[in-house]
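The first residue of the sequence shown is numbered 1, and numbering continues consecutively from there. Fair warning: this is a prediction, and the values are worked out from it, not measured in the lab. Whatever order the structure lists ligands and atoms in, that order sets their numbers, starting from 1.
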Amino acid sequence: MSDIAPVLNPPVRILMGPGPSDTHPRVLQALGAPTVGHLDPYYLQLMDGLQAMLRRLFGTENRMTFAVSGTGSAGMEATIVNLIEPGDVAAICVNGVFGGRMADVAGRAGANVLKVEKPWGEVFTVEDLQEVLAAKPKLVGIVMAETSTGAWQPIEEIAAAVHAAGALLVVDAVTSLGGVPVEVDAWGIDAIYSGTQKCLGCPPGLAPVSFGPRAMEVIQNRKTKVQSWYLDVSMLANYWGDKRAYHHTAPINMSYALYEALRIVLEEGLDACYARHMRNHLALKAGLAALGIGYAAQEGRQLPMLNAVHIPQGVDDATVRKALLSRFGIEIGGGLGAFQGKVWRIGLMGYSSRTANVLLFLAALEQILAEQNYVFKAGSGVAAANAFYNG
Ligand SMILES: *Cc1c(COP(=O)(O)O)cnc(C)c1O
C-alpha cells in the first residue's frame with residue numbers, strides 16, 4: 001500500500017493574503033452537490049442564473065458575460081487573445097506585477113506592445129496616457145486593483161480618453177469584483193475579466209468575463225483565427241449563448257460554487273458588501289497606524305481589500321509571516337517583484353473581510369512584533385481598531 005499517498009487532511013487557515021481568500025462555508029457545500037452533465041437541463045438553467053448574476057456584479061447588460069474555465073490569468077488571456085491579432089498595437093499600463101503580466105500575454109499574442117509605466121503604488125491619470133494614445137493603439141489594458149501594490153485605479157476618465165482615441169478599454173478586475181464598485185456599462189469598459197478566489201468567497205477555478213458590443217464587433221471581424229482554441233470567444237458563444245452547443249466540458253461543480261458565491265454577494269447587497277470591505281480596511285488601517293505601520297500605495301487610492309504595507313525597519317519579514325501561519329493559522333502575503341522583502345500584503349477579501357479577522361490579525365502581529373523587540377510608538381493596534389469599530 002506504500003503507493004497510496006497520505007490521507008487528505010488540509011489545515012484550516014485564515015487566508016488574509018493576496019488570494020485565495022477564505023471560501024464561504026455555503027460555497028464549500030455547493031462544491032459537494034451532485035455533478036450533472038454539462039448539457040443537463042438543470043445545468044443549462046444554472047448557466048442562465050450565473051450569467052444574470054455576473055451581469056449584476058459587473059454592472060452590464062452585455063450578452064457575452066460568462067465564466068472562463070480557469071483562474072484569473074485565463075480570463076486575462078481570453079480577453080487579450082480574442083481582441084489581438086498579430087501586429088496590432090496594444091498599450092498596456094504597468095505599475096505592478098499584473099500590468100506586467102498583461103503586457104507579457106499581449107506580446108505572446110503577437111501584439112506590438114507599448115508599455116506605459118508608473119512607479120509601483122501610484123495610479124495612472126489621463127495625462128499619463130496622452131502620448132501612447134497618440135500612437136493609435138487598438139486597445140488599452142489597465143489593472144483596476146493592482147494586487148501587488150494595493151493601488152486602486154480609477155477607470156471612468158481613462159475610459160473616455162481611450163474611446164476618444166478610438167481604442168478599446170480592457171480592464172483587469174480580478175481583485176476588484178465583489179470588493180469595490182465595478183460599472184462596465186456606465187464607465188464604458190469594452191472587455192473585463194475577473195477571478196473567483198479574491199473577493200467572491202469562492203475557490204480558484206473560474207474567471208468571470210464580459211465583452212461589450214465594440215469588443216464583439218472586433219472579434220467578429222477578425223482576419224485570423226484566435227490562436228487559442230480553448231479560449232476562442234466566438235466558439236464559446238455557441239455554448240454560453242442561445243445554442244448551448246458543446247465546446248468543452250464545463251467545470252460543473254466549480255460553477256455551483258460560483259453560483260452560490262454570487263448569490264451570497266447579492267443577498268448581502270452590493271452596496272453593503274462594498275461598505276463591509278471599506279469598514280474592515282479602515283479598522284485595519286487605524287490599527288496598523290497605531291503600530292507605526294504605513295501603506296505602500298498612494299494616499300487616497302488605497303484598495304480596501306488589499307492592504308500593502310511597509311515592513312517596519314529591523315523586523316524580519318520571513319519570521320513574522322512564519323509565526324503568523326504556524327501559531328495563529330493566518331496567511332498573509334509577502335511582497336512581489338520590486339516590493340519583495342519590503343511590504344506585506346494583507347488581504348481582506350470576500351469572506352475573509354470580517355471584524356474578527358482584523359482584530360485577530362492585529363493581536364497576533366502585536367504579539368510577534370513584541371517578541372522581536374519592536375518599539376511601539378502609539379500603543380495598541382487592537383485598541384485602535386476597536387475604537388474605530390465602536391466610534
Ligand atoms: C490574482 C490576480 C491575477 C491572476 O489571477 P490567478 O487567479 O492567479 O490566475 C490577475 N490580476 C490581478 C490583479 C490579480 O490580483
Nearest to atom 11 (N) of ligand 1 by heavy atom, Leu306, Thr196, Asp172: which? Asp172
Quick one: which ligand 1 atoms are inside 4.0 Å of a heavy atom on Gly72? 5 (O), 6 (P), 7 (O), 9 (O)
shortest atom 15 (O) of ligand 1-to-protein heavy-atom contact is with Thr147 OG1, 2.4 Å
Using 30° and 60° as the class limits, which term best fits the ring planes of His38 and Tyr239: parallel, tilted or perpendicular? perpendicular
I'd like to check which ligand 1 atoms, numbered from 1 as shown, lie under 4.0 Å from a non-hydrogen atom of Ser73. 4 (C), 5 (O), 6 (P), 9 (O)
For ligand 1, which is the ligand I care about here, please tell me if Lys198 has any N or O atom under 3.5 Å from one of the ligand's N or O atoms. yes
Distance-only N or O hit between ligand 1 and Ala74, under 3.5 Å: no
Should the pair Arg222-Asp88 be classified as a salt bridge under the 4.0 Å nitrogen-to-oxygen rule? no
Between Arg101 and ligand 1, which residue portion shows a heavy-atom distance shorter than 4.0 Å: side chain, backbone, both, or neither? side chain
Check: Trp187 ring centroid to His163 ring centroid under 6.0 Å: no
side-chain contact (heavy atoms from CB on, under 4.5 Å) for His281 and Asn307? Distances and angles first, verdict last. CA-CA 8 Å; His281 157 69; Asn307 300 264; 2.7 Å; yes
Using a strict cut-off of less than 4.0 Å between a Lys/Arg side-chain nitrogen and an Asp/Glu carboxylate oxygen, indicate whether Glu85 and Lys223 qualify as a salt bridge. no
Honestly, for Ala145 the part within reach of ligand 1 (heavy atoms, under 4.0 Å) is backbone
What is the nearest protein non-hydrogen atom to atom 7 (O) of ligand 1, stated with its residue, atom name and distance? Gln197 NE2, 2.7 Å
Any carboxylate oxygen within less than 4.0 angstrom of a Lys/Arg side-chain nitrogen, looking at Glu267 and Arg26? yes
Can you tell me how the ring of Trp240 sits relative to the ring of Phe66, calling it parallel under 30°, perpendicular over 60° and tilted otherwise? tilted
What residue and heavy atom of the protein are closest to atom 10 (C) of ligand 1, and at what distance? Phe98 CD2, 3.3 Å
